[in-house]
Amino acid sequence: MRFHRGAASLLGLAVLFVGCAPAAEEQAEAAVEEVGATQEDVVAAISQVREREIASVMAGDVDELPSGFTSDVVFMPPNAPLITGHDAVKEWAAAMNEQFEISGGYTDSEVTVAGDWAVERYRGAFTFTPRAGGDAAEETIKGIHIYQRQPDGSWLIAQDIWNSDAPLPLE
């Protein structure tokens with residue numbers, strides 16, 4: 001079996017994380033206690049950020065959308081190049097909003113907190129209706145939000161990657 005350099009690096013990180021799991025769990029609990037919040041408080045705060053994000057998308061409010069993201073946020077949408085920073089996110093969202101009316105939302109979420117970072121695995125179901133007319137497209141997605149605790153104790157999305165559950169169109 002041949003490993004690509006990237007695969008070997010990922011394998012190394014996986015071994016590191018597995019080996020450090022109890023310490024990371026203890027650090028997460030200590031970090032939560034340090035700011036006077038419970039694990040449930042952190043998950044609730046993250047849920048509010050996620051719901052504000054999706055409300056902005058549904059409303060087509062490109063000016064509000066970046067408020068849930070760090071200034072250097074990295075977006076990794078399907079079938080598109082990497083998008084970095086508030087201005088680029090606003091530009092991308094404006095182009096999407098110009099082409100489609102979007103409805104739907106997140107269907108489930110699981111959050112893991114590790115110190116000043118949290119990872120959320122999520123799923124969602126959306127409908128994209130072309131503004132120029134035509135048939136709406138249904139899309140089921142899954143993705144990862146990586147949150148970073150801010151100096152004021154709030155949480156913002158630092159990275160967002162998602163993709164479709166639909167199979168590739170094969171000829």
Side-chain angles (χ1 to χ4, degrees), residues 10 13-14 16-78 80-98 100-128 139-164:
L10 287 175
L13 283 173
L16 176 66
F17 281 121
V18 169
C20 297
E25 188 174 308
E26 291 169 9
Q27 287 176 337
E29 290 172 9
V32 166
E33 290 172 8
E34 182 179 304
V35 296
T38 66
Q39 186 82 6
E40 292 78 20
D41 293 336
V42 171
V43 171
I46 285 171
S47 293
Q48 289 177 350
V49 173
R50 179 186 60 253
E51 293 308 314
R52 188 173 71 228
E53 175 225 9
I54 201 63
S56 298
V57 169
M58 297 303 119
D61 189 347
V62 299
D63 291 324
E64 173 62 22
L65 182 61
S67 70
F69 302 110
T70 60
S71 62
D72 60 348
V73 64
V74 175
F75 256 37
M76 293 173 265
L82 195 75
I83 299 165
T84 305
H86 283 178
D87 290 341
V89 166
K90 286 170 66 171
E91 184 178 316
W92 176 84
M96 287 291 291
N97 187 54
E98 186 177 300
F100 300 101
E101 180 180 329
I102 305 169
S103 60
Y106 294 118
T107 57
D108 75 74
S109 163
E110 182 179 306
V111 176
T112 302
V113 181
D116 288 337
W117 294 91
V119 177
E120 175 184 40
R121 181 191 47 78
Y122 63 85
R123 294 180 50 95
F126 299 92
T127 301
F128 295 85
E139 188 73 51
T140 302
I141 65 164
K142 70 240 179 234
I144 300 281
H145 285 148
I146 299 176
Y147 293 83
Q148 184 179 27
R149 187 190 328 253
Q150 302 303 293
D152 67 359
S154 66
W155 291 86
L156 295 176
I157 299 170
Q159 297 203 18
D160 188 1
I161 182 170
W162 69 98
N163 55 56
S164 174

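This structure is a prediction, so every number in the text was calculated from the model and none was measured.
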Tell me the closest heavy-atom pair linking [X] and [Y], and the distance in Å.
| X | Y | answer |
| --- | --- | --- |
| Q148 | T70 | OE1-CG2, 3.8 Å |
| G105 | I54 | CA-CG1, 4.2 Å |
| A45 | W155 | CB-CD1, 4.1 Å |
| G115 | V113 | O-CG1, 3.9 Å |

May I have all residue pairs that pass ring-ring contact (aromatic ring centres under 6.0 Å, His included) and include part of residues 47-66, sequence neighbours excluded?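 Pairs touching residues 47-66 that pass the test: none.
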Report the C-alpha separation of N163 and K142 in whole Å, then their side-chain angles, then the decisive distance to 0.1 Å, and conclude whether the side chain to side chain contact (heavy atoms under 4.5 Å, CB included) test is met. CA-CA 6 Å; N163 55 56; K142 70 240 179 234; 2.9 Å; yes
Judged by atom type as modelled, is there a donor-acceptor pair below 3.5 Å linking the side chain of D41 to the main-chain atoms of T38?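 Indeed, once roles are kept as given, a pair shorter than 3.5 Å links the two residues.
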Side chain S47, main chain V43, donor-acceptor under 3.5 Å: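 Yes: the side chain of S47 pairs with the backbone of V43.
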Could you tell me if the side chain of [Y] sits less than 4.5 Å from the side chain of [X], heavy atoms only?
| X | Y | result |
| --- | --- | --- |
| E40 | V42 | no |
| T140 | R123 | yes |
| W117 | R149 | no |
| E120 | I157 | no |
| V74 | D160 | no |

Taking it one step at a time, do R50 and Q48 satisfy side chain to side chain contact (heavy atoms under 4.5 Å, CB included)? CA-CA 5 Å; R50 179 186 60 253; Q48 289 177 350; over 6 Å; no
Rounded to the nearest 0.5 Å, what's the gap from [atom1] on [X] to [atom2] on [Y]? Could you check?
| X | Y | atom1 | atom2 | result |
| --- | --- | --- | --- | --- |
| T107 | F126 | OG1 | CZ | 8.0 Å |
| T112 | I46 | OG1 | CD1 | 9.5 Å |
| E53 | D61 | CD | CG | 12.5 Å |
| L82 | I161 | CG | CD1 | 9.0 Å |
| E91 | M96 | CD | CE | 14.0 Å |
| I83 | K90 | CD1 | NZ | 14.5 Å |

For the pair Y147 and V49, evaluate side chain to side chain contact (heavy atoms under 4.5 Å, CB included) and give the outcome as yes or no after the intermediate values. CA-CA 10 Å; Y147 293 83; V49 173; 3.8 Å; yes
Does CD belonging to E98 count more than 12 external heavy atoms closer than 6.0 Å? no
Side chains of S67 and E64, donor plus acceptor under 3.5 Å: yes
Should V73 and V89 be marked as a side chain to side chain contact (heavy atoms under 4.5 Å, CB included) after you check the CA-CA gap, both sets of side-chain angles, and the distance that decides it? CA-CA 8 Å; V73 64; V89 166; 3.7 Å; yes
Taking only residues two or more places apart in sequence, or in another chain, which ones meet F75 in a ring pair (Phe, Tyr, Trp, His ring centres under 6.0 Å)?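 Residues passing ring pair (Phe, Tyr, Trp, His ring centres under 6.0 Å) with F75: F69, W92, W162.
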Which residues satisfy the ring pair (Phe, Tyr, Trp, His ring centres under 6.0 Å) test with Y122, sequence neighbours excluded?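 Partners of Y122 under the ring pair (Phe, Tyr, Trp, His ring centres under 6.0 Å) test: Y106, H145.
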